[in-house]
Structure formats: structure tokens, C-alpha cells
Amino acid sequence: MHIQIDEISKQFGTTAALTPVSLSIPSGALVALLGPSGSGKTTLLRILGGLEFPSSGRVRFDGQDATNLTVQQRRAGFVFQSYALFRHMTVFDNIAYGLTARPRASRPQKAEIARRVTKLLELIQLPDIGGRFPSQLSGGQRQRVALARALAIEPRMLLLDEPFGALDAKVRKELRQGLRDIHDETGLTTIFVTHDQDEAMELADLVVVMSMGRIEQIGKPADIRARPATAFVREFIGA
Amino acid sequence: MSDIAPIRFRSATEETPLARWALIGIAFAGLAVLVFAPLIAVFAEALVQGAWAAVKSLGNRDALSAIKLTLIITAIAVPLNAAFGIAAAWFITKFDFRGKAFLITLIDLPFSVSPVVAGLCIVLMFGSNSLLGGWLVAQGYHIVFALPGIVLATMFVTFPFVARELIPVMIEQGRAEEEAALTLGASGWRTFWTVTIPNIRWALLYGVLLCNARAMGEFGAVAVVSGKIRGQTATMPITIEMLYNEYLSVAAFSMAAVLALLALVTLLLKTLLEIRHADQLSAQRRH
């Protein structure tokens, strides 16, 4: 799905988290929002997911105005920074949550839900952990379960907030490839937030460098490396 | 040959055995003097003329009416306070707004105000001499010296228990799980029942039990608003006081024993629930 951000701004009280920013994300792209903390990247992601509403500007999905769509109507698969798995539910119930939460008319049968959850567990290469609780999983496993839970609702896009932030270096490398694979397999427009320039450069097709609520540069990793547009970008990517 | 002292394995935070036993001893002695001894004394005093005398003292009309009244008040006040407590805790922890600190202070007010003062406030507001109370009485609604007043007084005094238990738990858990449920398409209502409530259920249970114990035992505020009409507005604690003042010590202590027993039953229930769900509890806490 093509995502168009037109002059979005966001005020929290008297502080501006986003000065008007515009951005066009082609359908099926894997995009990194890269920047230090306080750069507005997470705010922008949450606006796309419908968890925050912009103070001004519009969001368009495939050309249709989506600014006023509720979080439920957005159908965005959202992976939270600390994964936010439901701690009182098993992995199976976590992944099934979005399907069982549907209104009765569009809710799949129990057997169909089970089939889809099993398939997702296979996709994240953890077929045997359906009966466990989140507290019994490693950090990397939790991240993959969060991804499967987000994919279960057949989302129109995938939004990830620092998906590798809480993991150690080795697991991080593995899961980067995992995300790339899942992106390629599903073809979903995928946007992830990171403060790690290596991660952004290695994984994304398109990198959006942000600072102080502004977009500093948009470009392919190689272009940003070769031609940093501002002094901030040059310093931040350590080129 | 040099002497090698045996290596002692003790972690940095561990005390010497002497200190440990002394501390445990003090804790037990304190509990024994302050909690167990009075409790045993209540039961012993109730049974001093035998079990039959104790049971008989509870069988008369006024005693039964007191027990019934206390149970009715608790059955009304506790669910309402649980609902208000959840609403208040939800509002305070999930939203940012001006005057939040003031609201938290307001919730604590019943803890700092003497129950007698609270009772007097209700009499002033709803008594037949007041504007509101006079009008209500004219319409045929009696608040003071009747069940509604006692319920109001009990609710005022026990208001903070549920909210106070829930607020720290809900702050610690944050909003992420609720947000996750919403992004997965769940409505706000569904999110509340399938994510919020299961996550706070132990704190909620604990708050409700404390609220329940206090609601059954409340004396000061109820004494002011109830008018102490025997067989009508006298709750268990009030009846106990009246019986004791009339030197009916077996009757007074029997009633006191029943009140203590009700509290012990709620504690027992909580412990049983904790044992039964021990795995689940520890699994959740480690998260």
C-alpha cells in the first residue's frame, strides 16, 4: 500500500514533536525512520498507526484520505518497542487475538484461526511455542511472536518501533534478516523506527533521516552515505 | 603449617544467623502480642459460657438484623467502590491531564479525614435540616438514620482501597498492551475486558478484599449517620459496642467473633486463590 504523508505536524502542549513533514512511501517498500531520540520518528510512526492524531496535515493510504481513520480501521500491524505481548495469554492466544477480536460476522471459525496461527508460528520459525507464556520466551522469541501477532490481522502495512532495540548484537543480526525475509515474502509496505544507522542502512530500501521533528534527508542508503544533504546527516551517519 | 580459616559462603546482603533469628523472633513476638492474642481473647471470651450461650446470643432478632444489615451494606458498597476505583485508576494512569496530582490527593482524602467527620458531613448534607436533605425527606427519601446514609458513609471511608491498589500496578504496566490490542482491531470495551482487567486482577482482588474488610468493620462514620436504632440501623460493629456498654459480654464477644471470622474467611479465600494460581502468578511477575 502506498502511503502519503502531507505536511503532518504534531504538538504536545507547547512543544512541537513534528514540524510539518511530508513523505511519500511507495507500495511494498521497506523504510527506516532513522534519528536520535526526540527526533519525532516514533511520533510519526504512531500517527501512521492511528495511535496519535496529527495537529495538522493529512495521511493518505493509496490516495484515499486516512487521517481520520481510527486505530482499528487502519489495520496496521504494529510491533511495539517492548513488544507489549499480553502477559496473561499464551503465545497462541496472543497471535490469535486480532482474529478473535473481530466482529462475529467476519470472525474466522475456531479451526481456521488455529490453522492461521500455526502457519504464522511456522513463518517465524517457532512452531512449538504456542502453549508458552511470554515470560517463558527469550527476547528474540518475543520479538518474533510480536511480529506474528501483528501479521495475523492481515495488515495493510507493517509498523515497527525500534524492533531490535532490546536485543543483544548476535540476535539482532539474525532478526534483521528475519524481518527482511518476512517483508519480501508478504510484500507489505514496512516502516521501522531505529536510532541505529547500521541497522537502517543495512536493512532498508529507503532511509528517512530525522532530527528535531524535521526530515533531514530521504534517500537510498548508498545515496545518503555518498551525499549527506546536511551537516547533521553527515555527523549522524558518521560518514 | 599455617591455619586456613574455613571459607564462609554468605552473600553480601545476608545477615549473621544471630541477627536473623533475633529479627524473626521480634516479628513473631510482635504479631503474637498485637494480633494473635487479641484474636484468641475475642473467641475465648465469646465461648466463656459455652458454645450454646454464644450461639443463642446471636439468634435473637436484633443480632440477626445487625448481621444482615452489615452484609447488605457490604454487598452494595464494595462492588460500587470497585467500579469507582477501577474508573479512577484507569483515568489517572492512562491519560495525561491537568490536575492529576490534585485528583490523587482527593482519592486519599478519606484516609486522612476522621470517619466521624465524614459521618457529620453526610448528616449536614442530607439531614432533614439541610436544603437537600429536607427536600429528599419531603419526597419520602430518608438518607440519614437509614440504609442509604450508612452505605454512603461506608463508601466514603472505603473509597481509596481499590484505587490505591490499582494505581501503582497500572502505572508500572503502562499503556502498551492496551495500544497493542487496539491496533489488532479490538474495541475499547473489548480491550478493557480482555487486556486491562486480566492484568490487574490480583491487585483488584486485593483491593476488594481490603475494602470488604473495612466496609464490614467501619464504626465511626456509621455511628454518626445511623442513629443506632436497634434492629434497624445498628450494624455489627455498632451492635457490639451497644452490647458491650450494657455489660452483655458474651453477646458482644460472640458478635465480635463472627465479625472477625468474616474477615478471616476473606483472607483465607485470598490465600487459597493465590495457592491455586501460583504458577500463573509467578509466570506473569517475571515478565
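Just so we're on the same page: letters track the sequence lines, and every chain starts at 1.
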ask   = For the atom pair NZ (B/K94) and CD (B/E179), what is the distance rounded to the nearest 0.5 Å?
value =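 Output value for this atom pair is 9.5 Å.
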
query = Roughly how far, to the nearest 0.5 Å, is the CD atom of A/E154 from the CZ atom of A/R116?
reply = 4.5 Å

task = Please confirm whether B/F161 and B/Y206 have ring centers closer than 6.0 angstrom.
result = no

key: B/F159/B/F111 aromatic ring centres below 6.0 Å   = no

Determine whether the side chains of [X] and [Y] contain a donor N or O and an acceptor N or O closer than 3.5 Å.
| X | Y | answer |
| --- | --- | --- |
| A/T194 | A/D196 | no |
| A/H2 | A/S24 | yes |
| A/T19 | A/S9 | no |

message = Whether A/D184 and A/R180 form a salt bridge (side-chain N of Lys/Arg under 4.0 Å from carboxylate O of Asp/Glu) is what I want to check.
response = yes

inquiry  = Report which part of A/Y97 has an atom under 4.5 Å of a heavy atom belonging to chain B: side chain, backbone, both, or neither.
reply    =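 Only the side chain of A/Y97 comes within 4.5 Å of chain B.
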
key: chain B contact via A/T100 - side chain, backbone, both or neither, heavy atoms under 4.5 Å   =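 Both parts, backbone and side chain.
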
key: Structural part of B/E178 lying under 4.5 Å from a heavy atom of chain A   = neither

inquiry  = Quick check for you: among A/M89, A/R74, A/R149, which has the greatest number of heavy-atom pairs under 4.5 Å with chain B?
reply    = A/R149

key: Neighbourhood of chain A inside residues 182-196 of chain B, taking heavy atoms under 4.5 Å as contact   =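 Contacts with chain A: B/L182, B/T183, B/L184, B/G185, B/A186, B/S187, B/G188, B/R190, B/T191, B/T194, B/V195.
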
